[in-house]
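Remarks on the structure that follows.
Quick note: residue numbers are just sequence positions, from 1. Only a predicted model underlies this, so the values are computations on that prediction, with no experimental measurement involved.
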Amino acid sequence: MTQQSLLRSYLPPQVLINDNEYITVGLILILLTLIAFAVNFSFGAKRNSKNTVLITGLPFAGKTVIHYLINHERAVETVTSIKENEADVVLTDGKPAIHMVDIPGHERLRFKFSEFMPIARAIVFVVDSAAVPRQTRLLAEYLYDILSNKFTQEERIPVLIACNKTELLTAFRKERIRTALEGEINKLRQTRTAALDTQDSEGNENVFLGFEGKDFSFQDLENEVEFLECSAENKDIEGIKDWIASASS
């Protein structure tokens with residue numbers, strides 16, 4: 001069977017009238033195939049290139065509000081996310097778009113950050129500055145998982161700890177939050193040291209943070225960790241946007 005006969009067998013009789021139309025239909029099919037391939041390749045390249053910024057943190061810290069403020073310049077009423085929110089945003093004219101992913105903060109879903117670590121360029125860890133006293137342990141555990149992830153270590157992925165809700169009278173200043181987290185991570189290291197030779201559910205081998213025999217300090221890490229105060233309620237997030245633009249350049 002010739003190629004012409006084979007193609008005719010897959011097309012309705014009314015489509016093909018003569019050989020010229022056969023050629024035309026063939027070219028159209030080829031063009032549609034190339035377009036579909038280009039669309040799939042473009043989407044796949046976006047998800048596989050290291051242009052992704054993750055926004056993480058515990059529930060009600062303000063992650064999704066910050067995500068919408070950055071991408072849409074408006075605040076929204078939010079509930080606890082059950083699925084990651086993704087969007088592309090251009091923060092600097094003439095620069096490529098940055099792929100941003102808002103990771104759910106629920107205890108059963110926050111592990112999903114590890115799925116995006118291979119393509120992560122930077123991480124924004126959002127903290128409720130007014131809730132630090134009752135969340136220090138949970139914050140330290142989540143932050144420990146991020147900082148000890150093998151991709152964070154190997155790629156030296158920068159992390160911004162965004163201390164949100166500074167408009168509240170009960171909010172802690174960033175220096176106090178840093179001290180609280182360093183102290184809790186220091187205690188947490190002792191309980192995790194015995195598990196350093198095991199692998200987590202994603203197959204990533206965690207590492208010891210900081211220097212053995214020395215109290216933990218963020219400045220001892222090889223990747224950059226910066227603290228910044230912000231207020232999503234007052235739309236005061238320019239510092240976050242500037243940091244993301246710098247870390248993604």
Any [X] side-chain heavy atom under 4.5 Å of [Y] side chain:
X	Y	result
Asn85	Val101	no
Ile70	Leu91	yes
Val127	Leu139	yes
Glu154	Met117	no
Leu69	Lys235	yes

Rounded to the nearest 0.5 Å, what separation is found between the [atom1] atom of [X] and the [atom2] atom of [Y]?
X	Y	atom1	atom2	result
Thr52	Leu54	OG1	CG	7.0 Å
Ile66	Ser231	CD1	OG	9.0 Å
Leu147	Asn223	CG	CG	6.0 Å
Arg176	Ser129	CZ	OG	11.5 Å
Thr152	Ile157	OG1	CD1	4.5 Å
Tyr68	Asp102	OH	CG	8.5 Å

In chain order, what residues pass the side-chain contact (heavy atoms from CB on, under 4.5 Å) check against [X], with sequence neighbours excluded?
X	value
Glu224	Pro158, Glu226, Trp243
Glu238	Lys241
Arg137	Glu141, Glu184, Leu188, Thr191

Look only at the side chain of [X] and the backbone of [Y], and say whether a donor-acceptor pair between them is shorter than 3.5 Å.
X	Y	result
Glu229	Lys174	yes
Asn164	Ala61	yes
Ser148	Tyr144	yes

Quick one: list whatever passes side-chain hydrogen bond (donor to acceptor under 3.5 Å, both in side chains) with [X], sequence neighbours left out.
X	result
Gln135	none
Glu222	Arg156
Arg121	none
Asp242	none

Over all heavy atoms of both residues, which pair between [X] and [Y] is shortest? Give the atoms and the distance, please.
X	Y	value
Asn71	Met100	ND2-SD, 4.0 Å
Cys230	Ile240	SG-CD1, 3.7 Å
Thr166	Ala171	CA-CB, 3.9 Å
Ala245	Thr92	CB-OG1, 3.8 Å
Ser217	Lys214	CB-NZ, 4.2 Å
Asp88	Ala97	CB-CB, 4.2 Å

Worksheet entry | side chain to side chain donor-acceptor pair (under 3.5 Å) between His99 and Asn51, worked out | CA-CA 6 Å; His99 187 60; Asn51 71 331; 5.9 Å; no
Item to complete: Any chance you could lay out the side chain to side chain contact (heavy atoms under 4.5 Å, CB included) test for Val124 and Thr56, step after step, and finish with the verdict?
Response: CA-CA 6 Å; Val124 177; Thr56 65; over 6 Å; no
Discussion item. According to ring-ring contact (aromatic ring centres under 6.0 Å, His included), who are the partners of Phe218, at least two apart in sequence or on a separate chain?
Written reply: Phe216, Phe227
Item to complete: Using the salt bridge (Lys or Arg N to Asp or Glu O under 4.0 Å) rule, collect all pairs that involve residues 161-171, keeping only residues at least two apart or in two chains.
Response: Asp128-Lys165
Practice prompt. Following the transitive rule for hydrophobic clusters with a side-chain heavy-atom cut-off under 4.5 Å over Ile, Leu, Val, Met, Phe, Trp and Tyr, establish whether Leu138 and Ile103 coincide in one cluster.
Written response: yes
Fill in: Any pair counted as ring-ring contact (aromatic ring centres under 6.0 Å, His included), so long as it reaches residues 168-190, sequence neighbours left out
none
Fill in: Working for side chain to side chain contact (heavy atoms under 4.5 Å, CB included), residues Leu209 and Gln153
CA-CA 10 Å; Leu209 294 180; Gln153 295 287 319; 3.7 Å; yes
Practice prompt. For Lys63, enumerate each residue passing the salt bridge (charged side-chain N to carboxylate O under 4.0 Å, His left out) test, keeping only those at least two apart in sequence or located in another chain.
Written response: none
Worksheet item: Who pairs with Lys95 by salt bridge (charged side-chain N to carboxylate O under 4.0 Å, His left out), at least two apart in sequence or on another chain?
Response: none
Practice prompt. For side chain to side chain contact (heavy atoms under 4.5 Å, CB included), just list the numbers for Leu143 and Ile185, CA-CA rounded to whole Å, side-chain angles, deciding distance to a tenth of an Å, and then say yes or no.
Written response: CA-CA 9 Å; Leu143 195 54; Ile185 290 177; 4.3 Å; yes
